[in-house]
Amino acid sequence: MTASAATSEEIEHHTFDVVVIGAGGAGLRAAIEARLQGKRTAIITKSLFGKAHTVMAEGGCAAAMGNVNPNDNWKVHFADTMRGGKFLNNWRMAELHAKEAPDRVWELETYGALFDRTPDGKISQRNFGGHTYPRLAHVGDRTGLELIRTLQQKIVSLQQEDHAATGDYESYIKVFHETTITELFKTDGRISGCFGYFRPTGKFVRFDAPAIVLATGGVGKSYSVTSNSWEYTGDGHALALRAGATLINMEFLQFHPTGMVWPPSVKGILVTESVRGDGGVLRNSEGKRFMFDYIADVFKNLYATTEEEADRWYTDPDNNKRPPELLPRDEVARAINAEVKAGRGSPHGGVYLDVSTRLSPEQILKRLPSMYHQFKELADVDITKEPMEVGPTCHYVMGGIEVDPDTGMSVVPGLFAAGECSGGMHGSNRLGGNSLSDLLVFGRRCGLGAAQYVDGLDARPQVQEADVVTATERALLPFTTAAEGGENPFVVHQELQKTMHELVGIIRKADEMELALKKLEDIAVRARTVSVTGGRAFNPNWHLALDLRNMLLVSMCVAKAALERKESRGGHTRDDYPVMDPEWRKVLLVCSAEGEDNVRLERKEQVPMRPDLLDLFEMDELKKYFTGEELGGHRATAQEGAK
Amino acid sequence: MSYWARFRVWRGDSEKGELVDYPVEVNEGEVVLDVVHRLQQTEAPDLAVRWNCKAGKCGSCSMEINGRPRLACMTRMNTFAEDEVVTITPLRTFPVIRDLVTDVSFNYTKAREVPAFAPPPDLKPGEYRMQQVDVERSQEFRKCIECYLCQNTCHVVRDHEENKQHFAGPRYLMRIAELDMHPLDAADRKRAAQEEHGLGFCNITKCCTEVCPENIKITDNALIPLKERVVDRKYDPLIWLGNKIFKRGDVRAAKQ
């Protein structure tokens, strides 16, 4: 197949009010909202509908409903979120998230969700790292599946209503399964549409729409040990960059402390934090509960310092401090990393996570059924009888598209982003459970923002035909270069993963990151000339060849931002700058695209936190994060700006 | 610990195809999906396969392995002898798109035909109260990862294309059971289960239960109880009398 033959092909053409790219929790919630606002909405998904990465979320959805501990409220949740993110979070997003999460969870029940219950029939809530009170609505350890299925079934329910009204299920919401978007179109600076291909046939498709919501998830496939699936190639991040939008906080990657480490083929697969929330403890090869040695200064006085107190907390949380196994994820991941490096690791290079000594087999099967299943079937380990071996795995990117907190719109008019592909909400580290709630809160806000934006337009920007031709040619490039004998994209992909894993991983050094950037430049050249075999119908090596350029651009952002930030904070740990520096808290690193394969980095001041929100913290705690200058004079007495 | 296995993979499209033999390296602890990925990285870069989570949670990598419907990500290589030929073919009940990928749109069509959860009209969000013991029955069915192995295996449609129109398949009959057992669902679903979604086709051979990777007792806990409810509804003399006297075609009170 040659490019010239293909550019003459008929390109399927659709027109919508709102196009949502990505069908995980954020995308589906955005689509529901856009439809409720009366907008004709397309949902585009790289996989089949209902298979999104959201199903991998296990532990739960954080929302301060106060069902289990009535002391909980949005202010405590907000404060926990800021603390977890080491105060780098966009405070307005954290505020909206904490305030609106309960409504978003309750709404799911009206869509048919069945969460686990408290004895008085309310939604049960479980403990999790960094959360002061039991806060995570859950269904055993398959909460993400419940969330995705519930939203999927709500979409079907809306389609049934539309069918009753119009005779057509798809008159307002149409799902495009197994469709990959490769380019966004802009006209006169505004979003006008997008372009992609249907995986099953390889044929091209074009969507004309004035508003696009990116909900494409994360970037984990740039790393060799990850809990992420093949879809997590940073598509939304890269599409946004190429359309002129900006990314922030890209240096912050969450390495989940507990991924499987054995057998090799499952290395990186997630072991839910619920194991620790429900009593699981971490031990090294000497049998020591090592987390007591890793309580950072900023968390002193918030966590138990002895095993006795930690043990009492499970039954009497009001009078005891929580065990350090439940520190935020970045802290636990670094501790495990340090234990293994010090030679106190398990045989396959992890540490031991044991829940068998704390819960009965019946309780484990009830509360952690998929973990039981996963270890039994993939590793021959019975977690009701023996410990698991676990180690850090690349899990989540805190960084993402810079958006307006209230509407979710990026700096490009008409381009919105929600969920993992957006940035700011989680600061330098995300708390477990805050992702599912993030998807719901900001998915809805993006759907609403997109609908309002469309209503405010005088005229719809028209897609430029020349842009369609360019997009077609770029998508076919791997076939064109095939004749010239480029490399197998799988080989180049592995090289990229190795580079990021080894040189911009959990612990970082300047010289290694400089080397990584050099290697990335080299990989950029190779990625441009990868060649593919076979035709266009469902051809994985063509798909990967196109995904590669997204992973590459995103990896550039991660490496450049990580090299620039000379401190350690949350999901960014520098061996050469091991301390957190309040001066750096004020700084956001903003990435924008420079050509197809390069990025530019700029510094931007963080917006100062509203005084009434600052007042939710003790001055002693703020002093650990903020500069004296920032705090000097502040201690708001008036409630100005309070909502 | 590694060895060379003999894989026989179905390659082709909707028009034609054949089994192709590949010798391929297998390492300790690997599953069938790892081997498929190795083939993509070496001899067959355009080998089409669906997969996502690689942990038995998304239900994407359904295929037939030595004739048995399985998830490739949960089928360990050490369940085969080293000299055994491992044959992998696409799901038989659905039309082939390419290689191991089939067109499963039948399932999405059926999903859309089952009326959605009907929220109780008198409860606002946040006011729902349900006991754990009451939600557990439906929760078991909500573990379903929609791998469609049950839909693929059920003999009502596996070799009977003509039944597809009138039969929702075990997955969606279970969805009806799930909603019928939901403590707060306000709709009556029994008549439709029988008359519109083909519950009567099911003769409880339990093939669906056998292949379910989530170990859901589809037949015993969903389909048989649903059949019993339908029968109760049909032959309960009190309900029959009530219908006659009050002319209530839609007996909401009959919901259990």
Side-chain angles (χ1 to χ4, degrees), chain A residues 47-51 53 55-56 102-103 106-107 109-112 114-117 120-122 124 139-140 142 145-146 149 153-154 156-157 159-160 169 177 200 229-231 262-266 269-270 370 373-374 377-379 488-491 494 532-535 537-542, chain B residues 13 27-31 33-34 40-42 45-60 73-74 76 97-99 101 103-105 108 111-112 114-117 119 123-132 134-135 138-139 142-146 179 182 184-185 214-215:
Chain A
S47 292
L48 293 170
F49 188 34
K51 304 297 182 198
H53 211 279
V55 303
M56 294 296 285
D103 283 338
W106 286 322
E107 190 171 71
E109 289 201 299
T110 71
Y111 300 171
L114 282 175
F115 291 104
D116 287 344
R117 318 306 298 182
D120 56 351
K122 295 179 183 172
S124 174
V139 186
R142 58 160 189 87
L145 175 65
E146 183 69 13
R149 202 63 83 226
Q153 287 165 350
K154 176 63 178 177
V156 165
S157 150
Q159 288 181 323
Q160 290 172 350
Y169 283 110
H177 298 257
S229 82
W230 68 269
E231 296 186 292
W262 194 91
S265 77
V266 298
I269 291 180
L270 187 65
S370 42
H373 199 54
Q374 183 172 313
E377 300 205 8
L378 294 175
N488 178 339
F490 290 102
V491 173
Q494 281 178 346
V532 299
T533 56
F538 220 113
N539 184 346
N541 73 143
W542 179 39
Chain B
D13 54 29
N27 301 316
E28 189 187 5
E30 286 188 333
V31 294
L33 186 59
D34 290 313
Q40 287 182 329
Q41 285 156 19
T42 53
D46 63 338
L47 171 60
V49 63
R50 276 199 188 102
W51 70 285
N52 276 35
C53 76
K54 211 174 168 291
K57 293 190 171 63
C58 75
S60 299
C73 73
M74 297 302 276
R76 295 186 64 175
I97 293 175
R98 245 194 95 227
D99 302 341
V101 175
D103 175 356
V104 292
S105 56
Y108 289 95
R112 211 149 63 179
V114 177
F117 171 64
L123 288 181
K124 290 193 198 57
E127 293 178 352
Y128 286 38
R129 296 291 178 273
M130 295 176 265
Q131 289 303 308
Q132 183 62 35
D134 295 326
V135 299
S138 295
Q139 275 183 335
R142 291 182 72 82
K143 284 195 322 198
C144 170
I145 57 174
E146 299 198 336
L179 289 164
H182 188 301
L184 293 175
D185 180 59
E214 286 291 305
N215 302 312

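Heavy-atom basis, side chains included; hydrogens, waters and symmetry copies ignored. Below, chains carry the letters A, B, ... as their sequence lines are ordered, and counting in each starts from 1. Quantities reported herein were computed from a predicted structural model and do not represent experimental measurements.
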remark   = In this structure, CZ of A:Arg142 is separated from CD1 of B:Ile145 (nearest 0.5 Å) by 11.5 Å
message = Contact between A:Phe490 and B:Pro45 at the side-chain level, heavy atoms closer than 4.5 Å - yes or no?
response = yes
message = Holding to ring pair (Phe, Tyr, Trp, His ring centres under 6.0 Å), I want the full list of residues that pass it with B:Tyr128, two or more places apart in sequence or in another chain.
response = none
remark   = Comparing A:Asn539, A:Leu114, A:Val156 against chain B, the one with the most heavy-atom pairs below 4.5 Å turns out to be A:Leu114
query = Just by distance, do the side chain of B:Gln40 and the backbone of A:Pro540 share a donor-acceptor pair under 3.5 Å?
reply = no
query = Under the 3.5 angstrom rule, does the side chain of A:Gln160 hit a backbone N or O of B:Arg112 as a donor-acceptor pair?
reply = yes
remark   = Greatest number of non-hydrogen atom pairs under 4.5 angstrom with chain A, of B:Cys144, B:Pro119, B:Ala111, falls to B:Cys144
inquiry  = Among A:Gly535, A:Pro263, A:Gly112, which residue has the highest count of heavy-atom pairs closer than 4.5 Å to chain B?
reply    = A:Gly112
key: Part of B:Val101 lying under 4.5 Å from any heavy atom of chain A   = side chain
key: Separation between OG of A:Ser47 and CZ of B:Arg50, rounded to the nearest 0.5 Å   = 9.0 Å
inquiry  = Under a 4.5 Å cutoff for heavy-atom pairs, which residue among A:Gln374, A:Gln153, A:Lys122 has the most contacts with chain B?
reply    = A:Gln153
query = Got A:Phe538 and B:Asp13 here, is their nearest side-chain heavy-atom distance under 4.5 Å?
reply = no
remark   = Here the pair of heavy atoms bringing A:Tyr111 nearest to B:Phe117 is C-CD2, 3.7 Å
note = One should read off an interatomic distance between B:Met130 CE and A:Phe115 CZ, to the nearest 0.5 angstrom, of 9.5 Å
message = For A:Ala537, is there any backbone N or O sitting under 3.5 Å from a side-chain donor or acceptor partner on B:Arg98?
response = yes
request  = Identify which part of B:Asp34 has an atom lying under 4.5 Å from any heavy atom of chain A, answering side chain, backbone, both or neither.
outcome  = side chain
remark   = Rounding to 0.5 Å, atoms NZ (B:Lys143) and CZ (A:Arg149) come to a distance of 14.0 Å
inquiry  = Ignoring hydrogens, what is the shortest heavy-atom contact between A:Leu378 and B:Cys73? Give both atom names and the distance.
reply    = CD2-O, 3.6 Å
message = Between B:Gln139 (side chain only) and A:Val139 (backbone N and O only), is there a donor and an acceptor less than 3.5 Å apart?
response = no
inquiry  = What part of A:Glu146 gets within 4.5 angstrom of chain B, counting heavy atoms only: side chain, backbone, both, or neither?
reply    = both
ask   = At what distance, to the nearest 0.5 angstrom, does NZ of A:Lys51 lie from SG of B:Cys53?
value = 9.0 Å
remark   = Comparing B:Glu127, B:Lys57, B:Arg142, B:Glu146 against chain A, the one with the most heavy-atom pairs below 4.5 Å turns out to be B:Arg142
task = Select, from A:Glu231, A:His53, A:His177, the one with the greatest count of heavy-atom pairs under 4.5 Å involving chain B.
result = A:His177
inquiry  = Below 4.5 Å, heavy-atom pairs only: which of A:Asp103, A:Ile269, A:Asn488, A:Asp116 has the largest tally toward chain B?
reply    = A:Asp116
ask   = Can you name the closest pair of heavy atoms from B:Pro125 and A:Thr110 and give their distance?
value = CG-CG2, 3.9 Å
request  = Ignoring hydrogens and angles, tell me if any N or O in the side chain of A:Glu377 forms a donor-acceptor pair with the backbone of B:Arg76 under 3.5 Å.
outcome  = no
query = With chain A, which of B:Leu47, B:Val104, B:Val31 has the greatest number of heavy-atom pairs at distances under 4.5 Å?
reply = B:Leu47
ask   = Taking the side chain as C-beta and beyond, is there a heavy-atom pair between B:Glu28 and A:Trp262 under 4.5 Å?
value = yes
task = Using non-hydrogen atoms and a 4.5 Å limit, figure out which bit of B:Asn215 sits close to chain A: side chain, backbone, both or neither.
result = side chain
Side chain B:Lys54, main chain A:Ser265, donor-acceptor under 3.5 Å = yes
ask   = Could you state the interatomic distance from NZ (B:Lys124) to CH2 (A:Trp106), rounded to the nearest 0.5 Å?
value = 13.0 Å
query = Given a strict heavy-atom distance threshold of 4.5 Å, which part of B:Val49 is in contact with chain A: side chain, backbone, both, or neither?
reply = backbone
